[in-house]
Amino acid sequence: MSIDKSESLNFLEEIIENDLKTGKHGGRVLTRFPPEPNGYLHIGHAKSICLNFGLADKYGGMTNLRFDDTNPVTEDVEYVDSIKDDIRWLGFEWDNEFFASDYFEQLHQFAIKLINKGLAYVDDSTPEEIAAQKGSPTVPGEESPYRNRTVEENLRLFAEMKDGKYKDGEKVLRAKVDMASPNMLMRDPVIYRIKHAHHHRTGDKWCIYPMYDFAHGQSDSIEQVTHSICTLEFIHHRPLYNWFIEKIEIFPSQQYEFARLNLNYTVMSKRKLLQLVNEGYVAGWDDPRMPTISGLRRRGYTPASIRDFATRVGIAKRENVIDFGLLEFCVREDLNKIALRRMAVLNPLKVTITNLTDTFHELLPAENNPEDPSAGLRNMTFSNEIYIEQDDFMLNPTDGFFRLSPGSMVRLKNAYIIKCEDVVKDGEGNLTGLKCSYVPESKSGQDTSGLKVKSVIHWVNAKDCVDFEVRLYDRLFLVENPQNEEGDFKSYINKDSLKIVDNAKGEQALATDEAGQYYQFMRLGYFCPDKSSSKDKLIFNRTVSLKDGFKKK
RNA sequence: UGACCGAUGGUGUAACGGUAGCACAACAGAUUUUGGUUCUGUUUGUCAAGGUUCGAAUCCUUGUCGGUCAACCA
């Protein structure tokens, strides 16, 4: 718990530091992360997780994980498990694991207490009638004809609701607040509804379930959460949150709101992400193009890079759209320090070294990571037949292209300088290979040739390289803000967001490295094995390309 | 024709009445056996109009613009 005056604080840190200073809650800080188990977590949740756990960590507090499972029809244990996996993978461990459904008994008692205080009533109106009673933001609501039932009648009816005497939708319990409030949420909100549905934890014990507003704040209060942090759209719920806590007379947790994360070229609502999954636009919640935590993990993002991103985007109350490039910056920065360097060629072009015999074989040492000498060296094999990248050769080089072209020289990374002597074409005039000579005295680290070349390119030994598949990903959407465009957001999906390269060639180490590595394929980008990759069929996902300093016109 | 929240470079975010700073992006240069990394430098900003004050991004007023709210979702 260090409070450094010179560091700038976000508004939540200011609130907490002020609470600490005034001794509120005896200096205790308790936050919570409250997902509903009805979908997978996404990068926006990661921001919230980092915020809640980060704040507790910074100020010596604790964080609970609480599943907000008050709607059994959309929730499932599959989601509970994935959420826990994702939080742990991000690097956080919660102090307590709770479920709002743990509190159904207490919540039920709270409802009875409100009825007894004349602050809640059973309403027989239909959903349409209730909606009509609510009025509109500019027109005050009108009271339900059932609003003034006696306490005894409300108690009896509510008990009958609980006992399953009524069908779904037949009756609801409403809080008696103020039908004329300018805040729509205060116009006698529904707090309990009948759902004869099986709950993933309480089974068939209940057929009435509390609404969000009647569960969230009370759950915070039961746990004695001090700082209940949520996103901006809940700001209108705060008066209700406080009203229930005041009327039920329980621990005064307080709600604070911050702006949710928006990322350009993607969507960030569980409902929309679910559509992409269900309608087959992506391969699943963990498709590497998805902004889900599981998708980013499969794509090759590191936990550290996501935490760093969550810090860099900042915490404030204004709407924001973060450039996807910032996420890419964060992952490149992390991967640059830890990724093993390997050589791979995505679009192979055969090169025959003319002044080397067919039996020539040499081992050449190569650094595993120039940013980290402790990563050591591995050997690459070299022979008279290699593959280079097609993009590294131009028959008629444009201005500023300083790789290989007829007559030019480049260095093969960690190996020798070669000179392009001739091109090989098939019967139809298509380029099928190159003939190059190598300079024996130009060996990497022992170069006595005195030659200076403008470029260094990657390569693999054609005699022992491994074949594999590479999946290249691009942004999922063609427009920056798909949900703000006309029509269906799915019509803006980028059809070319996945490109499969099935004839990539890699150096032998790729076949023998232990699983689960983060790689940089030299000059190409950062890659990781896909979860479907096996010894028999290697498959790599491109996490992100390297920054390209060579801007082609 | 309501209520609430917000407005600082292209994008984010600081400055808490006293020099508008930082990061990403962009651009230029240096270094480089990855056109990567690293390093240096440059461009770009306080929504508007009034007011308070010696002094306003900051306080006040009005306006403008953006967001949110009318699920038996969370």
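All chains are named by letter (A, B, ...) in the order of the sequence lines, taking the proteins before the strands, and each is independently numbered beginning at 1.
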Novice: How is A:Gly400 classified with respect to the nucleic acid when contacts are heavy atoms under 4.0 Å: base, sugar-phosphate, or nothing?
Specialist: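 Base contact.
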Novice: To the nearest angstrom, how far is A:Leu404 atom CG from B:rG35 atom P?
Specialist: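 Rounded to the whole Å, the gap is 13 Å.
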Novice: So, using salt bridge (charged side-chain N to carboxylate O under 4.0 Å, His left out) as the criterion, who are the partners of A:Lys47 when residues are at least two apart?
Specialist: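 In terms of salt bridge (charged side-chain N to carboxylate O under 4.0 Å, His left out), with neighbours along the sequence ignored, A:Lys47 is linked to no residue.
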Novice: Please determine, for the side chain of A:Val321, which listed nucleotide (B:rU13, B:rU33, B:rG12) has the closest atom?
Specialist: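 The listed nucleotide nearest to A:Val321's side chain is B:rG12.
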Novice: Categorize A:Ile457 for me: base, sugar-phosphate, or nothing, with a 4.0 angstrom heavy-atom threshold over every strand shown.
Specialist: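 Here A:Ile457 touches no strand at all.
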Novice: At under 4.0 Å between heavy atoms, what does A:Gly445 touch on the DNA or RNA strands: base, sugar-phosphate, or nothing?
Specialist: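 Result for A:Gly445 = base.
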Novice: Just to verify, what does A:Asn242 make a side chain to side chain contact (heavy atoms under 4.5 Å, CB included) with, not counting sequence neighbours?
Specialist: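 Partners of A:Asn242 under the side chain to side chain contact (heavy atoms under 4.5 Å, CB included) test: A:Arg238.
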Novice: Would you measure the distance from the P atom in B:rG36 across to the matching atom in B:rG29 and give it in whole Å?
Specialist: 13 Å
Novice: Can you measure A:Asp334 atom CG to B:rC24 atom P for me and round it to whole angstrom units?
Specialist: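 That distance rounds to 15 Å.
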Novice: Under 6.0 Å from the ring centre and within 45 degrees of the ring axis: does the NZ or CZ of A:Lys162 meet both conditions for the six-membered ring of A:Trp206?
Specialist: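 The answer is yes, since A:Lys162 meets both limits relative to A:Trp206.
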Novice: In whole angstrom, give me the gap between the P atoms of B:rU46 and B:rA20.
Specialist: 13 Å
Novice: Please name all residues satisfying salt bridge (charged side-chain N to carboxylate O under 4.0 Å, His left out) with A:Arg174, sequence neighbours left out, ordered by chain then number.
Specialist: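 A:Arg174: salt bridge (charged side-chain N to carboxylate O under 4.0 Å, His left out) contacts with A:Asp123.
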Novice: Looking only at atom C1', what distance separates B:rA23 and B:rA14, rounded to whole Å?
Specialist: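 Straight-line distance between the two C1' atoms is 11 Å.
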Novice: Would you indicate, yes or no, if B:rC24 has its OP1 or OP2 atom less than 4.0 angstrom from a side-chain nitrogen or oxygen of A:Arg332?
Specialist: no
Novice: Distance check needed: B:rU34 P versus A:Trp459 CH2, whole Å only.
Specialist: 15 Å
Novice: In dot-bracket notation, what is the pairing pattern of RNA chain B, taking Watson-Crick (N1-N3 plus N6-O4 or O6-N4) and G-U wobble (N1-O2 and O6-N3) contacts under 3.5 Å, with [ ] crossing and | for other strands?
Specialist: .((((((..((((....[..)))).(((((.......)))))....(((((..]....))))))))))).....
Novice: Within a radius of less than 6.0 Å around NZ of A:Lys270, do more than 12 heavy atoms belonging to other residues, nucleotides or ligands occur?
Specialist: yes
Novice: Sticking with atom C1', work out how far B:rU43 lies from B:rU38, rounded to a whole angstrom.
Specialist: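 Pairwise C1' distance, B:rU43 against B:rU38, rounds to 22 Å.
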Novice: Any base atoms under 4.0 Å from A:Phe401, or only sugar-phosphate, or nothing? Heavy atoms, all strands.
Specialist: base
Novice: So if I define the base as every atom that isn't primed, P, OP1 or OP2, how would nucleotides 67-74 of chain B read as a B/S/- string at a heavy-atom cutoff under 4.0 Å?
Specialist: SBSB-BSB
Novice: Using whole Å, report how far CZ of A:Arg312 lies from P of B:rA14.
Specialist: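 Result: 15 Å.
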Novice: On a whole-Å scale, what distance lies between the C1' atoms belonging to B:rU64 and B:rG21?
Specialist: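 Going atom to atom, C1' in each nucleotide, I get 28 Å.
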Novice: Taking the nucleotide of RNA chain B with the closest heavy atom to each, which residue, A:Leu412 or A:Asn320, is nearer the 5' end?
Specialist: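 It is A:Asn320, whose closest nucleotide lies nearer the 5' terminus.
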Novice: Considering only the C1' atoms, how many Å lie between B:rU1 and B:rA70, rounded to the nearest integer?
Specialist: 15 Å
Novice: Confirm from the modelled atom types if A:Ser444 and B:rU33 form a donor-acceptor pair under 3.5 Å, side chain to base only.
Specialist: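 Counting by modelled atom types and ignoring angles, a donor-acceptor contact under 3.5 Å is found here.
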Novice: Is the shortest distance from a Lys or Arg side-chain nitrogen in A:Arg523 or A:Glu389 to a carboxylate oxygen in the other one below 4.0 Å?
Specialist: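 Result for this pair is no, no salt bridge flagged.
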Novice: Could you tell me how far apart A:Asn242 (CG) and B:rC4 (C1') are, to the nearest whole angstrom?
Specialist: 14 Å
Novice: Give the intermediate values and the outcome of side chain to side chain donor-acceptor pair (under 3.5 Å) for residues A:Tyr40 and A:Glu78.
Specialist: CA-CA 9 Å; A:Tyr40 281 63; A:Glu78 175 199 351; 2.8 Å; yes
Novice: Roughly how many Å apart are B:rG45 and B:rU11, using the P atom of each and rounding to a whole number?
Specialist: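 Comparing P positions in B:rU11 and B:rG45 gives a spacing of 12 Å.
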Novice: With no angle test and no hydrogens, is the base of B:rU34 tied to the side chain of A:Arg341 by a donor-acceptor pair under 3.5 Å?
Specialist: yes
Novice: Atom CG of A:Asn369 and atom P of B:rU38: how far apart are they, to the nearest Å?
Specialist: 13 Å
Novice: Could you tell me whether the side chain of A:Glu257 has a donor or acceptor atom within less than 3.5 Å of a complementary atom in the base of B:rG6?
Specialist: no
Novice: Quick check: A:Phe521 with A:Phe527 (ring centres under 6.0 Å apart)?
Specialist: yes
Novice: Just the rounded figure in Å: distance from P of B:rG6 to NZ of A:Lys317.
Specialist: 5 Å
Novice: In whole angstroms, how far is the P atom of B:rU11 from the CD atom of A:Glu328?
Specialist: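 It is 18 Å, rounded to the nearest whole Å.
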Novice: At under 4.0 Å between heavy atoms, what does A:Arg411 touch on the DNA or RNA strands: base, sugar-phosphate, or nothing?
Specialist: base
Novice: On the ring face of A:Phe99, is A:Arg201 found with NZ or CZ under 6.0 Å from the centre and within 45° of the axis?
Specialist: yes
Novice: Both A:Lys443 and A:Arg238 contact RNA chain B. Taking the nearest nucleotide for each, which residue is further toward the 5' end?
Specialist: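 The 5'-side residue here is A:Arg238.
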Novice: Regarding A:Lys195 and the six-membered ring of A:Tyr209, is the cationic atom NZ or CZ under 6.0 Å from the ring centre and inside 45° of its axis?
Specialist: no
Novice: Picking from B:rU37, B:rG12, B:rG35, which would you name as closest to the side chain of A:Asn336?
Specialist: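 Taking heavy atoms from C-beta onward, the closest nucleotide is B:rU37.
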Novice: How would you list, by chain and number, every residue that makes a side-chain hydrogen bond (donor to acceptor under 3.5 Å, both in side chains) with A:Asn262, sequence neighbours excluded?
Specialist: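 Partners of A:Asn262 under the side-chain hydrogen bond (donor to acceptor under 3.5 Å, both in side chains) test: none.
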Novice: Counting the benzene-type ring for Trp, do A:Tyr526 and A:Tyr518 have ring centres under 6.0 Å apart?
Specialist: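 Not under 6.0 Å, so no.
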Novice: Taking the C1' atom in each of B:rU44 and B:rU53, what is the distance between them to the nearest angstrom?
Specialist: 31 Å
